[in-house]
Protein chains: 2
Amino acid sequence: MDNNITRFEELLVKNGLKRTGARLQVLEILSGRDSATSQPYLEQVMGKVVDRVTLYRVLQAFEEKGIIHKVLDSHGTANYAICSDGCDAHQHHDEHVHFDCDNCHKIYCLESVKIPVPKVPSGFKVQHLNLIATGICSACTDKVN
Amino acid sequence: MDNNITRFEELLVKNGLKRTGARLQVLEILSGRDSATSQPYLEQVMGKVVDRVTLYRVLQAFEEKGIIHKVLDSHGTANYAICSDGCDAHQHHDEHVHFDCDNCHKIYCLESVKIPVPKVPSGFKVQHLNLIATGICSACTDKVN
DNA sequence: ACATATTTGCAACATAATTGCAATAACATG
DNA sequence: CATGTTATTGCAATTATGTTGCAAATATGT
């Protein structure tokens, strides 16, 4: 689907970023996966073509612009997923639940599942919520049966 | 309150750990704070007396025994807090909400706030929940006013 | 006081992240 | 489509963070 390419180019231009190989490649990889992608994985896949430092900077730029969002797994490793529409440099709207599968270690963005707002003690002002559920994902549950 | 000392000693013995200086010091520091304590902070405070490696191992042992639990903040930095009763080597019961203050960067264990269970898509089996709220804590809200 | 097993500190190593800078590539402009 | 400007990249060096093996020191039961 080469349609993606122009779509990604637009996304970059819209955010004032130049259309470079490294950036397009990151967007392609992330969009081609059904779950969040870890930095180590990206490094492994792109490592021969793109410098590690460049990858750091691309991901940082994307996150700042609201193109992708970062999810830390239980080991503190960064995973990235493309933001659904509605994010920009000023605001991230990624307040959906993330699901970290114990079996296949994929991290799913459950876009449809909003984080239930907890009742915090008075005085505390919640600005942002981050919920990671761990367990067994749908695909792994199927495999076992 | 020197009562703490014997309390901590009991805690160590109960878990088959020897009563050493490093361990007692960690317990004292953690129990003397109203929020979770970051590893870098512990290292800074204890660094002159206790080796960095020892600190890692003490924290790891405590976590395995269910004496403390680890909370990763938004930067992936480890923070530790003493578990409320009911945790042991086999089971952690720390499914309360954590609150990460944007202003003072303290991480509070809101022991009284259980994590609301989200409705995940069918096929997904949730085993554990981890919710970190960020915002402004009670103490910082007061300061501003 | 002594024997034993645990714990610690040290040194070395391994991994991950950051910075400065020069070379390169993107792209607006003429 | 050549060219100047600015953003981007790669490299090397540095810093930070986490891990391992082992010998010395320490806690604790007897």
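Naming: A, B, ... by sequence-line order, numbering from 1 per chain.
- Residue B:L12 contributes atom CG, which lies 21 Å from atom P of C:dA5 at whole-angstrom precision.
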Show the atom names and distances, to 0.1 Å, of all donor-acceptor pairs under 3.5 Å that link a side chain in residues 48-66 of chain B to residues at least two apart or in another chain.
residue, atom, partner, partner atom, Å
B:D51, OD2, B:V53, N, 2.9
B:Q60, NE2, B:E64, OE2, 3.4

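- Scanning for side-chain contact (heavy atoms from CB on, under 4.5 Å) contacts around A:D73 gives A:H75, A:T77, A:N79, A:D100, A:I107, with sequence neighbours left out.
- A:I115 and B:I115 fall within the same hydrophobic cluster, where Ile, Leu, Val, Met, Phe, Trp and Tyr residues are linked whenever their side-chain heavy atoms come under 4.5 Å apart, directly or through other members.
- What you find for B:A139 and B:Y108 is that their closest heavy atoms are CB-OH, 4.2 Å.
- The distance between atom CZ of B:F62 and atom C1' of C:dT8, rounded to the nearest whole Å, is 14 Å.
- Between the C1' atom of D:dT9 and the CE atom of A:M46 lies a distance of 12 Å, rounded to the nearest Å.
- When all heavy atoms are compared, the tightest approach of A:V113 to B:V120 is CG2-CA, 4.3 Å.
- Across the protein-nucleic acid pair, B:L72 atom CG and D:dT17 atom P stand 14 Å apart, rounded to whole Å.
- In plain terms, the two heavy atoms of B:Q127 and B:E95 that are nearest each other are O-OE2, 4.3 Å.
- Pairing each heavy atom of A:C101 with each of A:C140, the nearest pair is SG-SG, 3.8 Å.
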| query | Reading nucleotides 11-19 of chain C from the 5' end, what letters show protein touch, with B for base, S for backbone sugar-phosphate only, - for no heavy atom under 4.0 Å? | reply | B----SBBB
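- Axis angle between the ends of the helix from C:dA1-D:dT30 to C:dG30-D:dC1, five pairs each and rounded to 10 degrees, works out to 30°.
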| B/S/- contact track for nucleotides 24-30 of chain C, protein heavy atom under 4.0 Å | --BS---
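- Straight-line distance from the CG atom of A:N15 to the C1' atom of D:dA7: 15 Å, rounded to whole Å.
- What you find for A:A133 and A:V97 is that their closest heavy atoms are CB-CG1, 4.4 Å.
- For A:Y80, there are no ring pair (Phe, Tyr, Trp, His ring centres under 6.0 Å) partners two or more places apart in sequence or in a different chain.
- Between A:S74 and B:L72, the closest heavy-atom pair is O-CD1, 3.6 Å.
- Taking the six-membered ring for Trp and thresholds of 30 and 60 degrees, A:H98 and A:H69 have ring planes inclined between 30 and 60 degrees apart.
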